[in-house]
Amino acid sequence: MSTEAKDATATKPVVLTHVRVLPHPDLCPEGKVFEAKPGRKLVDAMLDNGIAIEHACEKVGACATCHVHVREGAQFLAPADEEEEDQLDDAWGLDAQSRLSCCVKVKGPELVIELPKFTRNHARER
């Protein structure tokens, strides 16, 4: 399912990761599918593709507002480190597939992401 793109710094094509975000009633009601360059932060790839995921700590892994569930493709990702695990303890709806999207570097042929219904960010203004 991956597509290829030319990397300006390399002679061989870069295999992009196929990212599928499952429907979320507020952030992407119809879901979203896009290609992302490996090594990129998942939060940045989602923001660049119109998914307004919260990131209260400015994407440094110091909050749990960019919490996601990696439903497929987790085996290609680096495991969460101790700092990410500590922050995840504060995430709403935590499960075994929970990650902070600011800590996940896109990798592998495909990722399927589910956004939690709620976030922990109580300071959010609507």
Side-chain angles (χ1 to χ4, degrees):
M1 292 188 134
S2 297
T3 58
E4 294 182 358
K6 292 286 184 183
D7 184 339
T9 61
T11 57
K12 65 180 184 177
V14 174
V15 178
L16 299 175
T17 299
H18 182 81
V19 180
R20 181 166 50 107
V21 179
L22 300 176
H24 181 278
D26 298 320
L27 300 177
C28 58
E30 296 181 18
K32 187 86 169 187
V33 175
F34 58 90
E35 306 298 323
K37 187 175 179 180
R40 192 137 195 259
K41 285 185 177 185
L42 179 60
V43 67
D44 289 330
M46 289 191 298
L47 289 167
D48 286 351
N49 283 279
I51 300 169
I53 187 165
E54 292 187 55
H55 51 285
C57 71
E58 296 303 317
K59 306 180 266 185
V60 297
C63 71
T65 60
C66 71
H67 168 230
V68 298
H69 304 282
V70 180
R71 297 302 186 207
E72 292 179 29
Q75 70 271 24
F76 299 106
L77 305 175
D81 63 20
E82 190 174 323
E83 290 177 22
E84 181 182 357
E85 292 285 349
D86 288 346
Q87 289 301 323
L88 279 168
D89 288 341
D90 292 330
W92 184 91
L94 186 68
D95 69 14
Q97 298 169 320
S98 289
R99 294 295 304 268
L100 299 181
S101 63
C102 68
C103 295
V104 171
K105 300 274 177 118
V106 172
K107 189 175 178 188
E110 181 174 33
L111 291 174
V112 177
I113 305 299
E114 182 178 4
L115 303 170
K117 187 173 181 181
F118 301 105
T119 72
R120 187 178 184 282
N121 189 0
H122 300 295
R124 182 178 181 191
E125 295 180 26
R126 291 198 179 245

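Just so it is clear, the structure is predicted and the values come from calculations on it, not from any experiment. Start at 1 with the first residue, then count along the sequence.
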Subject >> N/O donor-acceptor pair under 3.5 Å between T65 side chain and A56 backbone >> reply: yes
**OP:** For the pair I53 and S101, evaluate side-chain contact (heavy atoms from CB on, under 4.5 Å) and give the outcome as yes or no after the intermediate values.
**Re:** CA-CA 9 Å; I53 187 165; S101 63; 3.8 Å; yes
Original post:
Where do R40 and D48 land on the side-chain contact (heavy atoms from CB on, under 4.5 Å) test, with the steps shown first?
Top reply: CA-CA 11 Å; R40 192 137 195 259; D48 286 351; 2.3 Å; yes
Original post:
Which pair of non-hydrogen atoms, one from L100 and one from A64, has the smallest distance, and what is that distance?
Top reply: CD2-CA, 3.8 Å
**OP:** List for me each residue that meets side-chain hydrogen bond (donor to acceptor under 3.5 Å, both in side chains) alongside R20, sequence neighbours excluded, and say none if there are none.
**Re:** none
Original post:
Among all residues two or more places apart in sequence or in another chain, which pass the ring-ring contact (aromatic ring centres under 6.0 Å, His included) test with H69?
Top reply: H67
**OP:** Heavy atoms only: give me the nearest S98-G93 pair and the separation to one decimal.
**Re:** OG-O, 4.2 Å
Original post:
Do the non-hydrogen side-chain atoms of M46 and L27 ever get within less than 4.5 Å of each other?
Top reply: no
Subject >> Donor-acceptor contact below 3.5 Å, side chain K105 vs main chain P38 >> reply: no
Subject >> D95/R71 salt bridge by N-O under 4.0 Å criterion >> reply: yes
Subject >> Over all atoms of both residues, closest heavy-atom pair of G61 and C102 >> reply: N-SG, 3.3 Å
Original post:
Has the side chain of E84 got a donor or acceptor atom that lies under 3.5 Å from a matching backbone atom of C103?
Top reply: no
**OP:** Find out whether T17 and F76 are in side-chain contact, i.e. whether some heavy atom of one side chain is under 4.5 Å from a heavy atom of the other.
**Re:** no
**OP:** Mind listing the closest non-hydrogen atom pair of A80 and E85 along with its distance?
**Re:** CB-OE2, 3.4 Å
Subject >> Polar side-chain atom of H24 near backbone of P116 as donor-acceptor pair, under 3.5 Å >> reply: yes
**OP:** Just do the side-chain contact (heavy atoms from CB on, under 4.5 Å) check on L42 and V68 with the steps written out, would you?
**Re:** CA-CA 10 Å; L42 179 60; V68 298; 4.2 Å; yes
Original post:
In the hydrophobic cluster built from side-chain contacts under 4.5 Å, what are the other members alongside V112?
Top reply: L22
Subject >> Taking every non-hydrogen atom, the tightest pair across L94 and D89 >> reply: CD2-CA, 4.4 Å
Original post:
Are the side chain of K41 and the backbone N or O of K59 linked by a donor-acceptor pair below 3.5 Å?
Top reply: yes
Original post:
So, are K117 and D26 salt-bridged, with charged N and O less than 4.0 Å apart?
Top reply: no
**OP:** Starting from the C-alpha separation in whole Å, work towards a yes-or-no answer on side-chain contact (heavy atoms from CB on, under 4.5 Å) for H55 and L47.
**Re:** CA-CA 10 Å; H55 51 285; L47 289 167; 3.7 Å; yes
